[in-house]
Amino acid sequence: MPRPTALDLLVVEPSPMQRKILTQACATLGLPAPRLVEDCAQALAAMAQQRPDIVISALYLPDRPGTALVAAMRADPALEDVPFILVSSETRPQALDPVRQSGVCAIVPKPFTPEQLGQAINATRDMRAAEPLADIDLDLDDLKVLLVDDSPHARRCIRQVLEQLGLRHFIEAGDGAEAAAILGDTMVDLVVTDYNMPEMDGKALVEHIRQHSWQTSVPVLMVTSEQDASRLAAIENAGVSGICDKPFDPGTVGRLLQRALARG
């Protein structure tokens, strides 16, 4: 359950019934009543008036989809770091991937329980306050991390969490081919990569690292929205050091990194 707090929550939901359910869930969790709006335009106007701590939004809004709302937020320097939680019954990857790529902090399925909403809020808050990695005999300030994702917003979200964990030195690439070129002449201590990317995807990048790179033993963490079990198994077989879901839980990322760096 979320810790008692004066969180300013902005709920973007066209359905009066769903707005009521979300308000009741917040009350059950001991959270203050959220501000309520019905569409993208109202949400942006409300955020211009007062920057919220967290936005909780439906995917399908009357004027523009939730993907357009989060894109508008990420394009606004005043709102680009506001955490975004999606509440949706949508399960199709083609509908959810654009939201995941935008740096969404959590996805809550409809129908949901107050506990599920609470877990998403907690994960979102923890993403902003992750504890530095401990029990690693390495100087985290000196580690070079290669971030690979075709979404700049997703890279920024991952970088923020890694910075909270104590990492400081980052190199960024927009796809696997760009990352492979960087690895050709730059030594790194860790690779954190997406799976679905143009030119060269994450699996091909891992195979390149393990089979053709002069840095064959570098730890590789895959952060992906991929749900297909056979594809995930192929990623593991390619030699990835760890796999974590996108959007991700900072605690999970920390544990995976701790194991990967300790082995590396």
Student: By side chain to side chain contact (heavy atoms under 4.5 Å, CB included), which residues pair with P152, not counting sequence neighbours?
Tutor: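 In terms of side chain to side chain contact (heavy atoms under 4.5 Å, CB included), with neighbours along the sequence ignored, P152 is linked to R155.
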Student: Does the side chain to side chain contact (heavy atoms under 4.5 Å, CB included) test come out yes or no for L79 and V55, once each step is laid out?
Tutor: CA-CA 10 Å; L79 302 174; V55 172; over 6 Å; no
Student: Of the non-hydrogen atoms in V240 and I243, which two are nearest, and what is the gap between them?
Tutor: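 So the two residues come closest at CG1-CG1, 3.8 Å.
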Student: Name all pairs fulfilling the salt bridge (Lys or Arg N to Asp or Glu O under 4.0 Å) condition that reach into residues 9-27, sequence neighbours left out, sorted by first residue then second.
Tutor: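 Applying salt bridge (Lys or Arg N to Asp or Glu O under 4.0 Å) to every pair that reaches into residues 9-27, excluding sequence neighbours, yields E13-K110, R19-E38.
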Student: Step by step, work out the side chain to side chain contact (heavy atoms under 4.5 Å, CB included) result for R210 and V218.
Tutor: CA-CA 9 Å; R210 299 298 183 231; V218 64; 4.2 Å; yes
Student: Just so I know, are the side chains of I121 and L7 near enough to count as touching, which here means a heavy-atom distance under 4.5 Å?
Tutor: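 Side chain of I121 against side chain of L7, heavy atoms only: contact under 4.5 Å found.
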Student: How many angstroms lie between atom CZ of R159 and atom CG of D149, to the nearest 0.5 angstrom?
Tutor: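 The CZ atom of R159 sits 14.0 Å away from the CG atom of D149.
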Student: Less than 4.5 Å apart, side chain to side chain, heavy atoms only: is that true for L9 and L22?
Tutor: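 SC-SC contact between L9 and L22 ruled out.
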Student: How far apart are the closest heavy atoms of G184 and W214, and which atoms are they?
Tutor: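 What the structure gives for the nearest pair is O-NE1, 3.2 Å.
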Student: Could you tell me whether a side-chain N or O of R64 sits under 3.5 Å from a main-chain N or O of C40, the two making a donor and an acceptor?
Tutor: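 No; judged by distance alone, with no hydrogens or angles, the pair does not exist.
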Student: So which heavy atom on V148 is nearest to which on D175, and how close?
Tutor: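 Looking at all heavy atoms of both residues, the shortest contact is CG1-O, 3.4 Å.
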Student: Taking atom CG of L44 and atom CG of D76, what is their separation to the nearest 0.5 Å?
Tutor: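 Reported value, rounded in 0.5 Å steps: 8.0 Å.
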Student: Establish whether L221 and M187 are linked, either directly or via other cluster members, by ILVMFWY side-chain heavy-atom contacts under 4.5 Å.
Tutor: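 No, no single cluster joins them.
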Student: Considering all heavy atoms of both residues, which atom of D63 and which atom of A41 are nearest to each other, and what is their separation?
Tutor: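 Answer, listing the atom of D63 first, then A41: OD2-N, 2.9 Å.
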Student: Could I get the full list of side chain to side chain contact (heavy atoms under 4.5 Å, CB included) partners for T67, not counting sequence neighbours?
Tutor: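 Residues passing side chain to side chain contact (heavy atoms under 4.5 Å, CB included) with T67: L59, P65, P98, V99.
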Student: Check whether any side-chain heavy atom of T23 lies under 4.5 Å from a side-chain heavy atom of P34, and answer yes or no.
Tutor: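 Heavy-atom side-chain distance check passes, below 4.5 Å.
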Student: Which heavy-atom pair separates S57 from F84 by the least distance, and what is that distance?
Tutor: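 Taking S57 first and F84 second, the nearest heavy atoms are CB-CZ, 3.5 Å.
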Student: Just by distance, do the side chain of Q215 and the backbone of V188 share a donor-acceptor pair under 3.5 Å?
Tutor: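 At least one qualifying donor-acceptor pair exists.
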Student: Starting at CZ of R168, measure out to CG of D142 and round the result to the nearest 0.5 Å.
Tutor: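 With rounding to 0.5 Å, CZ (R168) is 11.5 Å from CG (D142).
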Student: By the side chain to side chain donor-acceptor pair (under 3.5 Å) test, which pairs, at least two apart or in different chains, include something from residues 40-54?
Tutor: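 Only D8-Q50 qualify under side chain to side chain donor-acceptor pair (under 3.5 Å).
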Student: Of all the heavy-atom pairs spanning A173 and L146, show the shortest one and how long it is.
Tutor: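 A173 and L146 have their closest heavy atoms at CB-CD1, 4.3 Å.
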Student: Mind listing the side-chain donor-acceptor pairs of residues 200-208 below 3.5 Å, one per line with the distance, residues two or more places apart or on another chain?
Tutor:
| residue | atom | partner | partner atom | Å |
| --- | --- | --- | --- | --- |
| D201 | OD1 | K203 | N | 3.2 |
| D201 | OD1 | A204 | N | 2.8 |
| K203 | NZ | E207 | OE2 | 2.7 |

Student: Test L190 against L162 for side chain to side chain contact (heavy atoms under 4.5 Å, CB included), laying out the working first.
Tutor: CA-CA 11 Å; L190 173 68; L162 296 179; 5.5 Å; no
Student: So do T113 and Q116 actually touch side chain to side chain, heavy atoms under 4.5 Å?
Tutor: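 A side-chain contact exists here, since the closest heavy-atom pair is under 4.5 Å.
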Student: Look up atom CG in L183 and atom CD in E178, then write down how far apart they are to the nearest 0.5 Å.
Tutor: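 Those atoms lie 11.0 Å apart.
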Student: For A71, check side chain to side chain contact (heavy atoms under 4.5 Å, CB included) against everything at least two apart and list the hits.
Tutor: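 Residues passing side chain to side chain contact (heavy atoms under 4.5 Å, CB included) with A71: none at all.
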Student: Considering residues at least two apart in sequence or located in another chain, which fulfil the salt bridge (Lys or Arg N to Asp or Glu O under 4.0 Å) criterion with E236?
Tutor: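 In terms of salt bridge (Lys or Arg N to Asp or Glu O under 4.0 Å), with neighbours along the sequence ignored, E236 is linked to no residue.
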Student: Tell me every residue that passes side chain to side chain contact (heavy atoms under 4.5 Å, CB included) with R156, counting only those two or more places apart in sequence or in another chain.
Tutor: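 Only R74, E80, D81, H153, Q160 meet the side chain to side chain contact (heavy atoms under 4.5 Å, CB included) criterion with R156.
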Student: Distance from M222 atom CE to S241 atom OG, nearest 0.5 Å?
Tutor: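 OG of S241 is found 10.0 Å from CE of M222.
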Student: Rounded to the nearest 0.5 Å, how far does CG of L86 lie from CG of L69?
Tutor: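 It comes to 10.0 Å.
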Student: Could you point out which residue of T186, V145, V191 forms a side chain to side chain contact (heavy atoms under 4.5 Å, CB included) with I171?
Tutor: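 Exactly one pass, corresponding to T186.
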